[in-house]
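Notes follow the structure.
Lettering of chains follows the sequences in order, A, B, ..., and the numbering in each one begins at 1. Source: prediction; values computed, not measured.
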Protein chains: 2
Amino acid sequence: MAVSERGPRERMVFSAAQLIRRDGVASTGMREVAAHAEAPRGSLQHYFPDGKEQLVNEAVGWAGRYAGKRVARFLAALPEPTPSGLFAEMVRQWSDEYEAAGFAGGCPVAAATVDCAESTASTREAASAAFSTWNGSVARALVDMGVPKGRAEALATLMISTLEGAILVARAERDVRALTTVSRELGPLLDAAVTEVG
Amino acid sequence: MAVSERGPRERMVFSAAQLIRRDGVASTGMREVAAHAEAPRGSLQHYFPDGKEQLVNEAVGWAGRYAGKRVARFLAALPEPTPSGLFAEMVRQWSDEYEAAGFAGGCPVAAATVDCAESTASTREAASAAFSTWNGSVARALVDMGVPKGRAEALATLMISTLEGAILVARAERDVRALTTVSRELGPLLDAAVTEVG
DNA sequence: CGACTACTATGACCGCTGTCATAGTCACAG
DNA sequence: CTGTGACTATGACAGCGGTCATAGTAGTCG
């Protein structure tokens, strides 16, 4: 974790995302974020004058953009891109992390949704935007593989929903079983969407 | 919400589940639970001597058993039980609630996992047990429909993961789109598991 | 009656939270 | 030098969190 790179502001956003994904929004303190980012406490009110809400929203936005960009990298890593291959990569990112580093963290967007959907409108909107960004990336990738546009949007939603749920179950069970299972079971359905046209 | 029925202890567990699913574990106060259950504050330490942790764990356990029992009721409501029909009912429970009462609440087990998986071991175990109970119910139903046992377990995990994720996305977007989408897209795959054998 | 248990009722405590106020440092412009 | 902006550094504050201590009531058993 190259925390020392980049400016203190970005470090704090990044640290916030990390801590939120581990402990949830409510249990993550501002002081804790500053300490984790090795940033001065006073910088919090300087860079984030709207307080915790602003910091959390930026962390969620960052996570959404990160997930979107990952899709492109997954595609590049695949010898020949297929929907099931993409989904397997998306899932593998998580199972790899869990097996290598333990089940400490989940998805920060999910955490923000659970903790803030009803209490903090702006954060709910940030989470919605994050899912939308991510969904767009995945759908675009599917279209490039030959899936019709409307169907691609639907399958992207299915992939993201299933992945999010499997992350949740895996973390509760401290076992990657759910992740490997959904990857295996969903694969054929996804590939069928491209072959059925050709 | 027939809160006044049953004893105060059960009411508090029930109220805890309701508040947790709306605001998350960390943002739900003990005093708030007592007030919501119209129970005396002093009863908290009487019925739950191990404090919040115990109350949360019981709420999670209650939710798991509730979800398990719902499966049987869904089956009874179906003219002829099919995997896709069961999944559609499970999803519909949520989309109906969201359309009728708004997007205030998510799944309490998901909330407990997000907020406590890393911080509170016993709650993580309770969540794991809840998922296991639920998974068992769904898998058993699939077996009764003619799905081979091993496959039934896997499909149950897929159904639950997908549903949990779709709940999350729907709540963030304040739109049942994700729910209806996954129900439609996953249906054929689920039914294929029973017909492919016969 | 007394005793004992189940449950209720409050008040106090400490720790932590997000936020604000104030003052300080530092680099650089005029 | 003065000043001006960006950033840092603390201290204080009010509010709320879960928990403990203590005392009270109600009902029941012996």
Backbone of A:R31 reached by a side-chain donor or acceptor of A:R41 within 3.5 Å: no
Exactly one of B:L158, B:L179, B:L168, B:V138 should register a side-chain contact (heavy atoms from CB on, under 4.5 Å) with B:L163. Which one does? B:L179
Starting from C1' on D:dA9, measure out to OH on A:Y47 and report it in whole angstrom. 14 Å
Rounding to a whole Å, what distance do you find between A:H46:NE2 and C:dT25:P? 18 Å
Give me the ring orientation class for A:Y66 and A:W62: parallel if the planes are under 30° apart, tilted from 30 to 60°, perpendicular past 60°. parallel
Are B:E118 and A:R174 close enough, and set up right, to give a salt bridge (charged side-chain N to carboxylate O under 4.0 Å, His left out), and what steps lead you there? CA-CA 10 Å; B:E118 189 60 14; A:R174 281 188 168 273; 3.5 Å; yes
Let me have a per-nucleotide readout for nucleotides 15-29 of chain D, 5' to 3', with B, S or -, counting only protein heavy atoms under 4.0 Å. --BBBBB--------
Output a table of donor-acceptor pairs, distance under 3.5 Å, between side-chain atoms of residues 22-30 of chain B and any protein atom two or more places apart or on a different chain; print 'none' if there are none.
from	atom 1	to	atom 2	distance (Å)
B:T28	OG1	B:L19	O	3.3
B:T28	OG1	B:G24	O	2.7

